[in-house]
Number of protein chains: 2
Amino acid sequence: MTRSSRKTARPVAFAADGHDHMSCIAEALQRAVALCESRGTQLTELRRRVLELVWSSHEPIGAYRILEQLDRPLPGQMRGKARRAAPPTVYRALDFLIEQGLVHRIESLNAFVGCDQPQATHAGQFMICGHCGVALELNDAGIANALASCATRLGFKVERPTIEVRGICPNCVRSGATQPAHAEHRHG
Amino acid sequence: MTRSSRKTARPVAFAADGHDHMSCIAEALQRAVALCESRGTQLTELRRRVLELVWSSHEPIGAYRILEQLDRPLPGQMRGKARRAAPPTVYRALDFLIEQGLVHRIESLNAFVGCDQPQATHAGQFMICGHCGVALELNDAGIANALASCATRLGFKVERPTIEVRGICPNCVRSGATQPAHAEHRHG
DNA sequence: CTGCGGTATGAAATAGTATAACATCTCGGA
DNA sequence: TCCGAGATGTTATACTATTTCATACCGCAG
Ligand SMILES: [Zn+2]
Ligand SMILES: [Zn+2]
Ligand SMILES: [Zn+2]
Ligand SMILES: [Zn+2]
């Protein structure tokens, strides 16, 4: 029970005392396998590997970072001068994973992050820390309702909401972080 | 009185019967001049021209589209083989305009759109039609409150909310539009 | 077995978006 | 005049994403 061992009620990604990320990854992969199984879609080795890399942390990762990691031979394998994978390889895998709801794209970062509730189709809301880079996905009914009511009032038919809130996470707030400190983009 | 001549209460960008966009542009430029004047910032000819291009329609425009337009000699001017402007030129102008609150960046489109309430600093919410491409900026208190309350609950300090809702605008809904029809990105 | 269609991946080229770094220009004040 | 700040010009490059065609694999009809 990874969850019940936590000391706080805070979401895992923002946990004050860190968390066992290995099991985070393992559980995500397990869910993915089960989901694709149940849908009859093919979670191939390549796609599984990309998903694993996306889940390597709770910070959204760029497609080209994934590409770099894909190139590195897995520990224990000596496959010398393995040819560098090409961009379409990773973009195609990401397309598949997004379609399956296993990964979300963070528009404001041109990056990708794993979804921990892939079962139901949803458009999550993201709280992204500009200091440590961690992105937390929520499904807040209040926000969703406010949006829906606003759209209804206008006669606007919502298809895909994009909600990405940049700020400072609880942990970084407590440690007095105000400056960027996280590489990221300029334009933000 | 452009506004009072409208037949509906709908926002100009989504007006059912179209609108006098020339005055849209003129008013935006006027506001910009006044604002920069009052702040002592320099709305140079280049920046004014870029702002005008951003306002050329209510569809967000990409930096490189602006660049193309900048190259075209103004009607009446025969400046032959004018050198093509370089990307930094337009990005710098956009940076200035964004800083002044005169333009917003639409993250999900890598594009830019004029702001019609540049006075107060704000982070607008955008309703973007996937069919006609028009983006409407709102400042809905309900959404803002829902977001704020959610962030408070988490202990997350909001710095820059990004809310961009893709969908179909009232006009396009009425005309039965469901397909994309608008070029735009793939990844959406 | 063999060929066929559908899906996944490999590979090369190119398109699209954005910034870094340094040079030049202009204008107003010391 | 000289200086310094801010704006723009210029070149190169980084970063992100898609198009296009080729190849590999697999289950199945003939
Ligand atoms: Zn999700
Ligand atoms: Zn943080
Ligand atoms: Zn605005
Ligand atoms: Zn529309």
Side-chain angles (χ1 to χ4, degrees), chain A residues 32 36 39-51 53-54 60-71 79 81-100 102-113 180 182-188, chain B residues 32 36 39-51 53-54 60-71 79 81-100 102-113 180 182-188:
Chain A
C36 290
R39 288 175 180 163
T41 56
Q42 310 181 42
L43 184 62
T44 62
E45 172 56 18
L46 175 65
R47 290 165 174 174
R48 200 198 58 77
R49 190 123 170 265
V50 168
L51 180 59
L53 289 169
V54 168
I61 185 176
Y64 280 72
R65 291 309 80 62
I66 295 172
L67 205 47
E68 288 166 8
Q69 301 296 125
L70 268 184
D71 289 338
R79 39 167 200 162
K81 51 201 163 196
R83 218 17 133 169
R84 188 181 197 79
T89 297
V90 61
Y91 280 104
R92 283 192 288 227
L94 286 169
D95 285 346
F96 170 85
L97 295 169
I98 289 170
E99 207 167 298
Q100 297 297 315
L102 295 164
V103 163
H104 292 292
R105 176 183 169 87
I106 306 295
E107 301 287 354
S108 57
L109 296 176
N110 295 332
F112 305 85
V113 73
H182 200 70
E184 303 301 349
H185 289 223
R186 311 301 159 269
H187 72 242
Chain B
C36 291
R39 287 175 181 164
T41 55
Q42 309 182 42
L43 185 62
T44 62
E45 171 57 18
L46 175 65
R47 289 165 175 174
R48 201 199 58 77
R49 190 122 169 266
V50 168
L51 179 59
L53 289 169
V54 168
I61 184 176
Y64 280 71
R65 292 307 81 64
I66 294 173
L67 206 46
E68 288 166 8
Q69 302 296 126
L70 268 184
D71 289 338
R79 38 168 199 159
K81 52 202 162 194
R83 196 79 107 122
R84 189 182 197 79
T89 298
V90 61
Y91 279 105
R92 283 191 289 228
L94 287 169
D95 284 347
F96 170 84
L97 295 169
I98 289 170
E99 207 168 298
Q100 297 298 313
L102 295 163
V103 163
H104 292 292
R105 176 183 168 85
I106 305 296
E107 301 287 353
S108 58
L109 296 175
N110 295 332
F112 304 85
V113 73
H182 199 71
E184 303 300 349
H185 289 223
R186 309 303 159 268
H187 71 243

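Within every chain, numbering begins at 1; the chains are lettered A, B, ... in the order of the sequence lines, protein sequences first and strands thereafter.
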Whole angstrom value for the distance that separates [atom2] of [N] from [atom1] of [X]:
X	N	atom1	atom2	answer
I66(B)	dG16(C)	CD1	P	16 Å
R48(B)	dA7(D)	CZ	P	17 Å
R105(A)	dT18(D)	CZ	C1'	12 Å
E68(B)	dG16(C)	CD	P	9 Å
Y91(A)	dA13(C)	OH	P	19 Å
E99(A)	dA8(C)	CD	P	9 Å
L109(A)	dT17(C)	CG	P	18 Å
E45(B)	dT8(D)	CD	C1'	13 Å

May I ask you to verify if any side-chain N or O of [X] is less than 4.0 angstrom from the OP1 or OP2 atom of [N]?
X	N	result
R49(A)	dT9(C)	no
Q42(A)	dA8(C)	yes
N110(B)	dG16(C)	no
R65(B)	dT17(C)	yes
T89(A)	dT9(C)	no

From CD1 (I106(B)) to CD1 (I61(B)), nearest 0.5 Å: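 Output value for this atom pair is 13.0 Å.
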Pairwise distance OH(Y91(B)) to CG(L67(B)) - rounded to 0.5 angstrom: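 Answer rounded to 0.5 Å: 8.5 Å.
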Residue among R65(B), R48(B), Q69(B), E68(B) satisfying side-chain contact (heavy atoms from CB on, under 4.5 Å) with L53(B): Q69(B)
Near-parallel close stack of Y64(A) and dC15(D) base (under 5.5 Å, under 30°): no
Between [options], which one does the side chain of [X] approach most closely?
X	options	result
R47(A)	dA18(C), dT9(C), dA17(D)	dT9(C)
P88(A)	dA18(C), dA12(C), dA17(D)	dA12(C)
T44(B)	dA18(C), dA7(D), dA11(C)	dA7(D)

Contact between [X] and [Y] at the side-chain level, heavy atoms closer than 4.5 Å - yes or no?
X	Y	result
L43(A)	F96(A)	yes
R105(A)	N110(A)	yes
L94(B)	I66(B)	yes
L46(B)	L70(B)	yes

Sugar-phosphate, base or nothing in reach of R92(B), heavy atoms under 4.0 Å: base
Five-pair end axes of the helix from dC1(C)-dG30(D) to dA30(C)-dT1(D), angle between them (10°):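 If I round to tens, the end axes sit 10° apart.
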Pairing residues for R47(A) by the salt bridge (charged side-chain N to carboxylate O under 4.0 Å, His left out) criterion, not counting sequence neighbours: none
Residue met sooner reading DNA chain D from 5', once P87(B) and L46(B) are mapped to nucleotides: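 It is L46(B), whose closest nucleotide lies nearer the 5' terminus.
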